[in-house]
Amino acid sequence: MSKWQEQWTDPEWATLRLGPVWVLSAIAGRVRFDADERSAFWDAVTDAALRSTGPGRELLGTAAAERRWLFDEFELDGRPVVSGLLAVTRLLERMAPDTRDDVRASILRVGESVARARGPFGRRMTVEDEQTLLLVGQLLQTSAEEAEDNPLDSSTAI
């Protein structure tokens, strides 16, 4: 166990580990997944882990290490997608900015890869999946990031 992982309680770490599964659930529109969806998910986790160098890679690696039980853990958790993603966001708020960006990007990469697998020829996302991922990305923004990005706080005239 790394020092980064040690800063989280077991329930907090479980919440972080389930982040990519909530993204899958948002894209698929359900909480139980067929063999093809699970296979695409694990391919996406592997791909996203290879693209990450920091804590996001560690997070995805521990999710993959729990491969046999991760989906059972997800079903037992019982939180709806939005509640689960907001719980992940509350944990992201406690991270340093570079760590937060890496973890969030890793979680979203899983969703992007799954969405591409579902799209035409496995190369592009459908418009619906792309919109879903935009919403998920918004849910994973911390309150400080959301405030910085708020056009109503701009000094520019609308």
Side-chain angles (χ1 to χ4, degrees), residues 1-96 99-126 128-143:
M1 182 181 293
S2 76
K3 288 182 181 182
W4 185 76
Q5 187 178 344
E6 288 175 358
Q7 72 181 328
W8 307 105
T9 65
D10 288 341
E12 289 170 337
W13 187 248
T15 295
L16 286 170
R17 210 173 51 237
L18 290 175
V21 187
W22 277 306
V23 175
L24 171 64
S25 184
I27 292 169
R30 58 185 170 280
V31 296
R32 290 204 170 117
F33 312 104
D34 64 29
D36 288 336
E37 290 165 329
R38 288 180 184 218
S39 179
F41 175 81
W42 291 119
D43 289 347
V45 166
T46 301
D47 183 54
L50 291 173
R51 292 172 187 256
S52 179
T53 57
R57 183 180 201 148
E58 183 178 343
L59 176 68
L60 296 175
T62 58
E66 300 292 328
R67 189 179 197 136
R68 282 182 82 176
W69 301 283
L70 189 67
F71 287 107
D72 293 335
E73 189 177 322
F74 174 74
E75 287 182 30
L76 290 172
D77 182 88
R79 283 180 275 189
V81 172
V82 172
S83 297
L85 290 171
L86 289 175
V88 171
T89 301
R90 283 191 296 278
L91 297 174
L92 290 172
E93 288 176 343
R94 294 175 29 199
M95 296 177 194
T99 300
R100 176 178 49 238
D101 292 345
D102 182 60
V103 170
R104 182 179 33 234
S106 296
I107 291 171
L108 289 172
R109 276 189 202 113
V110 171
E112 291 166 2
S113 186
V114 168
R116 273 193 308 279
R118 288 170 39 97
F121 305 106
R123 300 269 186 210
R124 293 186 311 272
M125 295 181 220
T126 64
E128 294 82 8
D129 286 349
E130 191 172 356
Q131 291 171 342
T132 299
L133 280 172
L134 286 172
L135 289 172
V136 167
Q138 287 293 307
L139 284 170
L140 291 175
Q141 274 194 330
T142 65
S143 54

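Please read all numbers here as calculations on a predicted model, not as lab measurements.
- Residues T126 and D129 come closest through the heavy atom pair OG1-N, 3.1 Å.
- The backbone N or O of A49 lies less than 3.5 Å from no partner atom in the side chain of S52, so there is not a single donor-acceptor pair.
- Atom CZ of R30 is surrounded by more than 12 heavy atoms from other residues, nucleotides or ligands within 6.0 Å.
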Worksheet item: When you look at L70 and F41, which way does the side-chain contact (heavy atoms from CB on, under 4.5 Å) test go after all the steps?
Response: CA-CA 11 Å; L70 189 67; F41 175 81; 4.1 Å; yes
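- Distance CZ/R100 to CD/E93: 8.0 Å, rounded to 0.5 Å.
- Panel note: side chain E75, backbone D72; no donor-acceptor pair is recorded below 3.5 Å.
- Side-chain contact between T62 and L16 is absent, with no heavy atoms from C-beta onward closer than 4.5 Å.
- Using a 4.5 Å heavy-atom threshold, the side chains of V23 and T132 count as separate.
- Smallest separation of non-hydrogen atoms from F74 and S25: CZ-CB, 3.8 Å.
- Across V88 and G19, no two heavy atoms sit closer than the pair CG2-CA, 4.0 Å.
- We find the CZ-CG distance between R116 and D47 to be 7.0 Å, quoted to the nearest 0.5 Å.
- Each of L50, L60, V114 was checked for a side chain to side chain contact (heavy atoms under 4.5 Å, CB included) with V45, and the lone residue meeting it is L60.
- With rounding to the nearest 0.5 angstrom, the CD1 atom of I107 is 10.0 Å from the CG atom of L18.
- Nearest heavy-atom pair across G56 and S106 is CA-OG, 3.4 Å.
- Within the 4.5 Å cutoff, side-chain heavy atoms of R90 are placed close to those of L86.
- The shortest heavy-atom contact between A87 and R79 is CB-NH1, 3.3 Å.
- Side chain of R104 to backbone of L92: no donor-acceptor contact under 3.5 angstrom is found.
- The CD atom of E130 sits 9.5 Å away from atom CD of E112, with the distance rounded to the nearest 0.5 Å.
- For the atom pair CD (E73) and CZ (R68), the distance works out to 14.5 Å, reported to the nearest 0.5 Å.
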Worksheet item: Do I27 and V136 pass the side-chain contact (heavy atoms from CB on, under 4.5 Å) test, and can you show the C-alpha distance, the side-chain angles, and the key distance before you say yes or no?
Response: CA-CA 9 Å; I27 292 169; V136 167; over 6 Å; no
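- Contact annotation: the side chain of E12 never approaches that of T15 to less than 4.5 Å [non-hydrogen atoms, C-beta and beyond].
- Within the model, atoms CZ of R118 and CD of E128 stand 9.0 Å from one another, a figure rounded to the nearest 0.5 Å.
- Looking only at distances, no side-chain donor or acceptor of Q5 sits under 3.5 Å from a matching main-chain atom of W13.
- Between D102 and T53, the shortest heavy-atom contact is OD1-N, 4.1 Å.
- For F71 and F33, the ring centers sit closer than 6.0 Å to each other.
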